Amino acid sequence: MTTTMYVDVKGAVKQPGMKKVESTMRVIDAVQLAGGFTSNADEKQVNLAQKLTDSQVVYIPKHGEKVPTSAAGTPAAGGGAGTESQAPQVNLNTADATELQQLDGVGEKKAEKILAYRQEHGGFKSADDLKNVNGFGDKTLERLRPQIVV
């Protein structure tokens with residue numbers, strides 16, 4: 001049985017953005033839905049055969065670009081390493097707003113709230129501290145927990 005899912009294709013593709021995919025699809029299928037690689041895409045850093053997961057970020061780096069550390073855990077940007085994690089690992093204490101926005105459901109406003117909390121409280125002592133940020137409850141924390149580190 002196939003399931004409809006959504007992935008976020010970013011980086012060196014012609015039409016980045018949210019793409020509707022099926023559970024049987026692979027990274028290469030998401031790239032094709034995004035219009036294919038741009039001329040400066042470095043597909044050698046990407047595992048094109050990896051199966052897609054719901055809410056996954058598929059990041060295609062440019063030639064000469066190092067895969068951002070926050071994206072290194074994504075299946076699409078594994079850089080040859082065996083990626084067990086299905087999502088980026090973003091450090092709440094060191095990530096900038098752009099890195100925070102790679103988290104599932106975190107946009108510009110929520111990223112700003114995380115940065116403001118970090119500045120006001122001297123950082124996060126544990127992932128549970130995220131619940132102290134306005135807009136982050138138990139359900140959101142549980143969804144983000146595999147993607148965040150402190």
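Values below: every heavy atom of this structure, side chains too, minus hydrogens, waters and symmetry copies. Quick note: residue numbers are just sequence positions, from 1. Not measured: the values here are computed from a predicted model.
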Go through the structure and list residues passing salt bridge (Lys or Arg N to Asp or Glu O under 4.0 Å) with Arg145, not counting sequence neighbours. Asp128, Glu142
Grab the two heavy atoms, one from Thr140 and one from Gly135, that are nearest each other, plus how far apart they are. OG1-O, 4.4 Å
With side chain to side chain contact (heavy atoms under 4.5 Å, CB included) as the test, would you mind laying out the steps for Phe136 and Ile114 before giving the verdict? CA-CA 10 Å; Phe136 292 88; Ile114 292 171; 3.7 Å; yes
Indicate the atoms forming the closest heavy-atom contact of Ala12 with Pro61, along with that distance. CB-O, 3.9 Å
So does Ala95 get a backbone contact from the side chain of Arg118, meaning a donor-acceptor N/O pair under 3.5 Å? yes
Could you pull out all residues at least two apart from Asp96 that satisfy salt bridge (Lys or Arg N to Asp or Glu O under 4.0 Å)? none
Going by heavy atoms in the side chains, are Thr4 and Val21 under 4.5 Å from each other? no
Indicate the atoms forming the closest heavy-atom contact of Glu22 with Met5, along with that distance. O-CE, 3.8 Å
Sequence neighbours left out, what passes side chain to side chain donor-acceptor pair (under 3.5 Å) with Asn40? Give chain and number order. Thr38
Output yes when a side-chain donor or acceptor of Asp129 lies under 3.5 Å from a complementary backbone atom of Lys125, and no otherwise. yes
State, yes or no, whether a side-chain contact exists between Val149 and Leu92 at a heavy-atom distance under 4.5 Å. no
Do Asp8 and Lys10 sit within salt-bridge range, that is, some charged N less than 4.0 Å from a carboxylate O? yes
Locate the shortest heavy-atom distance separating Ser126 from Val150; write the atom from each residue and the value. C-CG2, 3.6 Å
What are the two closest non-hydrogen atoms of Ala41 and Ile60, and how far apart are they? CB-CG2, 3.9 Å
Distance check, rounded to the nearest 0.5 Å: Leu130 atom CG versus Lys113 atom NZ? 11.5 Å
Across all chains, not counting sequence neighbours, the side chain to side chain contact (heavy atoms under 4.5 Å, CB included) partners of Ile28 are Arg26, Gln32, Phe37, Leu48
Residues, nucleotides or ligands: over 12 heavy atoms within 6.0 Å of Asn134 CG: no
Got a sec, which residues hit salt bridge (Lys or Arg N to Asp or Glu O under 4.0 Å) with Glu120, two or more places apart in sequence or on another chain? none
Given Val13 and Val58, is the side chain to side chain contact (heavy atoms under 4.5 Å, CB included) satisfied, shown in steps? CA-CA 10 Å; Val13 292; Val58 175; over 6 Å; no
Do the non-hydrogen side-chain atoms of Leu33 and Val9 ever get within less than 4.5 Å of each other? no
Test item: Tyr59 and Val46 side chains (from C-beta on) under 4.5 Å apart, heavy atoms: no
Does Asp104 have any salt bridge (Lys or Arg N to Asp or Glu O under 4.0 Å) partners at least two apart in sequence or in another chain, and if so, which? Arg143
Side chains of Gln56 and Thr53: do they bring a donor and an acceptor to under 3.5 Å? yes
If I compare all heavy atoms of Val7 with all of Ala30, which pair ends up nearest, and what's the gap? CG2-CB, 4.1 Å
With a 3.5 Å cut-off and no angle check, do the side chains of Asp54 and Tyr6 form a donor-acceptor pair? no
With a 4.5 Å cut-off on side-chain heavy atoms, are Asn91 and Phe124 touching? no
Under 4.0 Å between a Lys/Arg side-chain N and an Asp/Glu carboxylate O for Asp42 and Lys62? no
Inspect the surroundings of CD in Glu108 and state if more than 12 heavy atoms from other residues, nucleotides or ligands are less than 6.0 Å away. no
